[in-house]
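Heavy atoms only: backbone and side chains are in, while hydrogens, waters and symmetry mates are out. In what follows, every chain begins at residue 1, and chains take the letters A, B, ... in the order their sequences are listed.
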There are 2 protein chains.
Amino acid sequence: MPDLIHGGDSAAAVSSLRSAVMLLGRRLKHQRVDESLSPTEMSVLGTLARCGSATPGELARKEHVQPPSMTRIVALLEAKGLVRLEPHPDDRRQKRVSQTEQAEAMLAESRTKRNAWLAHLAEGLDEDEWETLRAAAPVLEKLAHL
Amino acid sequence: MPDLIHGGDSAAAVSSLRSAVMLLGRRLKHQRVDESLSPTEMSVLGTLARCGSATPGELARKEHVQPPSMTRIVALLEAKGLVRLEPHPDDRRQKRVSQTEQAEAMLAESRTKRNAWLAHLAEGLDEDEWETLRAAAPVLEKLAHL
DNA sequence: GTAACTCATTACCCAACCTAAATACCACCC
DNA sequence: GGGTGGTATTTAGGTTGGGTAATGAGTTAC
């Protein structure tokens, strides 16, 4: 078993990580900024904010969703005016997706509300625990994208 | 804004945490030990392993799921022989749910497979990053249950 | 003993994915 | 240049894991 490439008791950590991530994910689903936006739609907007613009296929890969799902998500976002669709300059099969100014504004508002919710939750954590979490956030993000 | 009860730039951490948790959760959904078991069903078995036994209502609260959903989940688990249902000794409205030996065996196997998957993923992480994650796991779990 | 509450359940519904197949396009080779 | 294989997106249809509302059975308080 190639499990203990990293020392110690990773079994417990993995198990704990898995259940915590799933549970937190379920709860986060209910904490939407805009009721009409699904968690994945939010996530796509976040990705676009970081990457500038991308094709539907790229987005599907980054979000680990199948292409047809991304098509629908992008279509919904466009209908809400949060995303712009342009033809790809080099390849007419592809499209370029980029966020609108409206999306930026919404993301800002979103960040504020999420902060409030998580800060409220984090009141049950002491300063050390929160610091641990802050350190882990980027690692978790890296792991999720591997 | 009651966001900065803890110093620094929690906004970025929160945002990062949220998207990472959602993305990882989506990927974990596909990494099932037993194809016929949903993530929440697995989670319920885990909870039962820790707590011994519980009523459907207690389980629903712990998993942050509505009671009717837990009824269905428990029924499915029972049909698969992973869980036992007994009448509650003191209150005939309630029931006691406890895991079977079969469930314990499955959980053990599950732990092995998940380890393999996550260890594989974690090969993209260096030792320090993995250590950070190990430290964060219990905190994340605490947070998820707050 | 009845009113009010709680636990579990039943019946029905919906959202967010998926797979398979179709369409449009590019790139290579003869 | 025309066919052939491969890729990007979309369309169509299905599954699943939850949710809400309403019901039934049992308990507790008055």
Problem set entry | B:D91 and its side-chain hydrogen bond (donor to acceptor under 3.5 Å, both in side chains) partner, picked from B:R93, B:H88, B:K95 | B:R93
Exercise. Atom CE of B:M70 and atom C1' of D:dG17: how far apart are they, to the nearest Å?
Worked result: 12 Å
Seminar exercise, completed: So the contacted stretch of DNA chain C, first to last nucleotide with an atom under 4.0 Å from a non-hydrogen atom of chain B, runs from C:dT6 to C:dC17
Exercise. How would you label the contact of A:P56 with the nucleic acid (heavy atoms, under 4.0 Å): base, sugar-phosphate, or nothing?
Worked result: sugar-phosphate
Problem set entry | Atom-to-atom span, CD of A:E86 to C1' of D:dT9 - whole angstrom | 17 Å
Exercise. Rounding to a whole Å, what distance do you find between A:E78:CD and D:dT9:C1'?
Worked result: 14 Å
For this session: Between A:Q94 and B:E41, name the one whose nearest nucleotide on DNA chain D is closer to the 5' end.
Result: A:Q94
Exercise. Is A:E58 paired with A:R61 through a side-chain N to carboxylate O contact shorter than 4.0 Å?
Worked result: no
For this session: Map A:I73 and B:T55 onto DNA chain C by nearest heavy atom, then report which one ends up closer to the 5' terminus.
Result: B:T55
For this session: Tell me what B:S69 touches on the nucleic acid: a base, only sugar-phosphate, or nothing, going by heavy atoms under 4.0 Å.
Result: base
For this session: Measure from CZ on A:R96 to C1' on D:dT9 and round the result to the nearest Å.
Result: 15 Å
For this session: Would you check if there is a donor-acceptor pair between the side chains of A:S69 and A:Q66 at a distance under 3.5 Å?
Result: no
Seminar exercise, completed: Comparing B:R72 with A:V65, nearest DNA chain C nucleotide closer to 5' gives the residue B:R72
For this session: Show your working on side chain to side chain contact (heavy atoms under 4.5 Å, CB included) between B:L146 and A:L125 and close with a plain yes or no.
Result: CA-CA 9 Å; B:L146 281 177; A:L125 257 44; 3.7 Å; yes
Problem set entry | Within one Ile-Leu-Val-Met-Phe-Trp-Tyr cluster: A:L37 and A:V65, side-chain cutoff 4.5 Å | no
Exercise. Atom CZ of A:R61 and atom P of D:dT7: how far apart are they, to the nearest Å?
Worked result: 11 Å
Exercise. Do the side-chain N and O atoms of A:R84 and A:T100 include a donor-acceptor pair separated by under 3.5 angstrom?
Worked result: no
For this session: Quick one: do A:T40 and A:E63 satisfy side chain to side chain donor-acceptor pair (under 3.5 Å)? Show the steps, please.
Result: CA-CA 8 Å; A:T40 306; A:E63 301 293 328; over 6 Å; no
All N/O pairs under 3.5 Å across the protein-nucleotides 27-30 of chain D interface:
unit_1	atom_1	unit_2	atom_2	d
D:dT27	OP1	B:R92	N	3.0

For this session: Return the set of residues passing side-chain hydrogen bond (donor to acceptor under 3.5 Å, both in side chains) with B:R72 (not counting sequence neighbours), or none when no residue passes.
Result: none
Problem set entry | Note, A:K80 side chain near A:Q102 side chain (heavy atom, < 4.5 Å) | no
